[in-house]
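Presented below is the structure to which this report refers.
Hydrogens, waters and symmetry mates are skipped; everything else that's a heavy atom, side chains included, is used.
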Amino acid sequence: MTAYRAKRLPVQRGPAAWNTILGPQAAPEVLRADLTADFVIVGGGFAGLSAARRLTQLQPDARVVVLEAGRVAQGAAGRNSGFMIDLPHDLASDDYAGSGDDQALIGLNRQAIAFGRAAVEEYGIDPAYFDPAGKVNGAASAAGHDHNLSYAKHLASLGETSDMLDQHQMQDLTGSPHYRSGLYTPGTVTLQPAGYIRGLARGLRDRVQVFENSAVTGFTRQGQDWMVRTETGSVSAAKVILANNGHLESFGIERGRLMQLFLFASMTPDLDAETLKRLGGAPRWGVTPSDPMGTTMRRIDTAQGGNRVITRTCAVLRPGMTASQGDVDRAARVQQGKFDQRFPQLAGMAMEYKWAGHLCLSLNGVSVMRAVDDGVFSACVQNGLGTARGTLTGMGAAEMACGEDTEITRYFTAEAQPKALPPRPLSDIGANVVLRWKEWRAGNE
């Protein structure tokens, strides 16, 4: 008898600020019964909810159950930077240029964006939560500007447009004198990620059963079906989709091949009118660093949860999938310095929220979107691109589970298996030394 037993999921440090600023959610529905379904999805984030929506398109009469360990939008889906990026965005490169078939990946990313846009329209999600505003790669140094020039040249070779902004244009946009230049690309959607995910779950509930606070403890093959268990109930289904990103390893799948990282962010209080006047700039914008290990900045307005600025920087490898409070505190100190450096007119402002967000990478940059057992499909390992890649792998896993052969399934099933990681613990120490060195090398970016 095939059985998979899950490790207990660790607690994520700090609030899911994107979710918190939207106000309280309706009381959760917890699985407290033994159900039968056609499909059961483990995980209610970008991948899991996208898989559920795709299943409703492919098999409208199917019984679909989603099991989310916590509250919808309270986990990783509510802790990211909120960029759904269409262009190559390889975090391991110097300037984001990919090393594979960038043309194919751009096309797939745009499928994910179109899928999300259609969900916004179909489910009546607030369009402010899915803003096709594009983004800017900000450069604060000559080296950063060179990264942008290199990336712009790469994009031009792919037939993609971009616009270089000078220092004055960057200050007009952000209110910050920090940036020397910026490379604007128009295809990125800036999300209020918790608002989008909440809306997606709400829109699905008419056709999909979504259970929260219902962590899966394991699943076992019983005859033709899989029995998926939680502490208070179970679901028997012919097909299982694992949409739990790095927690795929919690079930013993791809063990020793996945890198469990944490990124960190902080968010200002809601800024009053006088502070906004001192800040200047546009009410909404997103700036990613020209160096992938630099500092991401975003500004949102009241439609997205208050007039706030978000700072994202620092990374640490934690194979146990738990960031410490010390990790959060250290990152918060660095972020305060980055914020003060960029906005001297607001220097010293205390951050209201500070948090860690879990992500999962493979050494060779591949996802795990394939059948991992008979009737079990994975939509995992997003390589730091949880919004677009999560949407794509969720769509693809649903298509595979329905026997569909699509551009998405062909792309991801052609990828190699994640490479085995070097032996621990020296590899963990080495990885964190490299991450800290890359953070230092990024400097002011």
Side-chain angles (χ1 to χ4, degrees), residues 80-83 85 87-97 133-155 162-186 188 190 263-268 271 278-300 308-316 330-349 351 354 384 434-445:
N80 62 63
S81 297
F83 293 91
I85 301 170
L87 298 174
H89 197 74
D90 184 354
L91 299 180
S93 72
D94 287 335
D95 62 0
Y96 300 112
K135 73 173 182 69
V136 176
N137 275 6
S141 65
H145 183 65
D146 287 344
H147 284 321
N148 274 346
L149 291 173
S150 172
Y151 189 50
K153 184 177 179 180
H154 179 67
L155 293 179
S162 61
D163 292 310
M164 193 68 73
L165 308 181
D166 63 23
Q167 185 172 16
H168 296 295
Q169 290 170 308
M170 287 296 291
Q171 185 161 359
D172 287 344
L173 176 67
T174 66
S176 171
H178 179 76
Y179 296 103
R180 168 178 173 159
S181 65
L183 184 70
Y184 171 75
T185 50
T188 292
T190 52
L263 301 184
F264 302 86
S266 56
M267 181 184 286
T268 67
L271 306 179
R278 280 192 287 137
L279 174 60
R284 281 191 212 169
W285 46 262
V287 174
T288 51
S290 58
D291 184 309
M293 282 300 293
T295 302
T296 295
M297 304 293 301
R298 274 194 65 181
R299 180 174 162 187
I300 62 173
R308 302 172 185 270
V309 176
I310 299 94
T311 307
R312 206 259 357 123
T313 195
C314 298
V316 64
R330 184 256 168 188
R333 290 192 296 271
V334 173
Q335 288 157 16
Q336 186 70 57
K338 300 293 187 182
F339 178 87
D340 293 350
Q341 184 183 39
R342 283 157 177 75
F343 304 105
Q345 65 272 45
L346 303 183
M349 174 177 287
M351 299 296 115
K354 306 164 189 176
V434 170
L435 287 171
R436 192 66 65 89
W437 173 75
K438 285 188 174 184
E439 180 185 317
W440 172 83
R441 187 186 66 173
N444 292 332
E445 297 304 334

Short side-chain to backbone donor-acceptor contact, [X] and [Y], under 3.5 Å:
{"X": "Glu445", "Y": "Ser141", "value": "yes"}
{"X": "His178", "Y": "Asn444", "value": "yes"}
{"X": "Gln169", "Y": "Asp166", "value": "yes"}
{"X": "Ser162", "Y": "Leu183", "value": "no"}

Holding to side-chain hydrogen bond (donor to acceptor under 3.5 Å, both in side chains), I want the full list of residues that pass it with Thr311, two or more places apart in sequence or in another chain.
none
What residues, two or more places apart in sequence or in another chain, satisfy salt bridge (Lys or Arg N to Asp or Glu O under 4.0 Å) together with Arg278?
Glu274
Evaluate whether atom NZ of Lys338 has more than 12 neighbouring non-hydrogen atoms of other residues, nucleotides or ligands under 6.0 angstrom away.
yes
Compare all side-chain heavy atoms of Met351 with those of Phe339 and state whether any distance is below 4.5 angstrom.
yes
Quiz item: cation-pi between Arg298 and Phe83, 6.0 Å / 45°:
yes
If we count only N and O atoms by modelled type, under 3.5 Å, do the side chains of Thr288 and Asn137 hold a donor and an acceptor together?
yes
What pair of heavy atoms forms the shortest contact from Cys314 to Arg312, and how long is it?
O-NH1, 3.5 Å
Out of the candidates Leu279, Leu346, Ile300, only one should pair with Val309 under the side-chain contact (heavy atoms from CB on, under 4.5 Å) rule; please name it.
Leu279
